[in-house]
Asker: 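Take a look at the following structure, please.
Since the structure is predicted, the reported quantities are computational estimates derived from the model, not experimental observations.
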Amino acid sequence: MSALPPPDADALEHSARLARHIQSQVLAAGGAIPFSRFMELCLYTPGLGYYSAGASKFGEAGDFVTAPELGPLFAACTADAIAPVIRQLGPEAQIVELGGGSGAFAEVALKRLLALDALPARYAILEPSADLRQRQQERLRENLNPLLGELVEWIDGPPEAQWDGVLFANEVIDALPTPRFTLRGGEVFEEHVALDGEGRFVRDDRPADPLLTAAVRHVERQLEAPFADGYRSELLPQLPYWLQAVAGGLRSGAMLFVDYGYARREYYNPQRSDGTVRAFRRHHLVPDVLAYPGLQDITASVDFTALAEAGTGAGFDFSGYCNQASFLIGNGLEQRLAEAEAKARDEAGRYRLRQEAKRLTLPGEMGERFQAMGFARDVEFGVAFLAGDLSHRL
């Protein structure tokens, strides 16, 4: 991989504007803000945050590549997994996608659901970024026939009225602003961001509030061992509240989450002593998470045990948990690849599809780093996770 070039002058000015805004927030808070607040400001400040500004995020020209951006296979297999749920729920079933990316997933999924005779009554995309929402609208307007296009709408928040259907989120939880904790003398501290004498962002640990402290102690009890002094990692005590909020009035149906992460015992491995938070810019891992606000993605891996607790705590049945490779293979990857190859115009197109399948499934690529987890209420969804079930690890 080539060396990461420095940001250009316009990008640096953009970052400096956001940095000044965050500095003002730090000063207004008395000299430090929680890392979770810093991450929120970096990613979501209107007009300046990483996800709120206009720079390209996805694909080879962006900072990272998500599974739907690689090609049609991920979305087609996911559609195969959720189509039985749509059929069980009947003609009024809906799909809500959290964070629609470039619109690639919705485009392929709707076309595949049409082929499976399992179209939802509505396909709603909850997209907080005005820039990304515009890109999604343009893409779907250009690539969906009017029948499918009429099903799609954009919503500003989770559905408040009761609804039946499927909630889907790919690489969403990793972008939730996460608290960071560490241990000092056996006591729980929360990582904050402060300013040094020259106005640069620096770490500053302060005593944790009761909610974070209780969450850390809960994890220690399950691990049957206290965290060592100096151990530092992430924890989302707000995850149960977030999940209940995004599900909205979901009455009957399923929830499907795909993200990178680990079961709890692996997540809090003693050797992973500085957590999982990291930053990416132009497909490069950036060592300094506090640098260049607004120009780099900040992300943390998902504790899938915590997700399982949140989903069942919200009143849903646990459906299954497996890695992405198993999920895609178990939901028709081989067949979808063969169909796509048959339609490809030339050998170059077939080669791209085979490379896509490899990136989605190989252990050194996305196959094992990404996991899929499902929940259900009043429907059967467990069959989607039968290949390579990993629920025993939770």
Asker: When the aromatic ring centroids of Phe385 and Tyr321 are compared, is their separation below 6.0 Å?
Answerer: no
Asker: Taking C-beta and beyond as the side chain, do Tyr268 and Tyr231 meet within less than 4.5 Å on heavy atoms?
Answerer: yes
Asker: Salt-bridged, Arg122 to Glu153, with N to O below 4.0 Å?
Answerer: yes
Asker: Per the side-chain contact (heavy atoms from CB on, under 4.5 Å) rule, which among Ile86, Leu89, Val379 passes with Asp164?
Answerer: Leu89
Asker: Any salt bridge between Glu234 and Arg272, counting N to O under 4.0 Å?
Answerer: no
Asker: Between atom OG1 of Thr213 and atom CZ of Phe189, what is the distance when rounded to the nearest 0.5 Å?
Answerer: 9.5 Å
Asker: Does Asp274 pair with Arg203 as a salt bridge, N-O distance under 4.0 Å?
Answerer: yes
Asker: Does a side-chain N-to-carboxylate-O contact under 4.0 Å join Glu187 and Arg184?
Answerer: no
Asker: Is Arg359 salt-bridged to Glu356, cutoff N-O under 4.0 Å?
Answerer: no
Asker: Look at Glu347 together with Arg350 and state whether they make a salt bridge at an N to O cut-off of under 4.0 Å.
Answerer: yes
Asker: Please verify the inter-ring angle class for Phe257 with Phe375; under 30° counts as parallel, over 60° as perpendicular, anything in between as tilted.
Answerer: perpendicular
Asker: Salt bridge check: are Glu13 and Arg20 linked by an N-O gap of less than 4.0 Å?
Answerer: yes
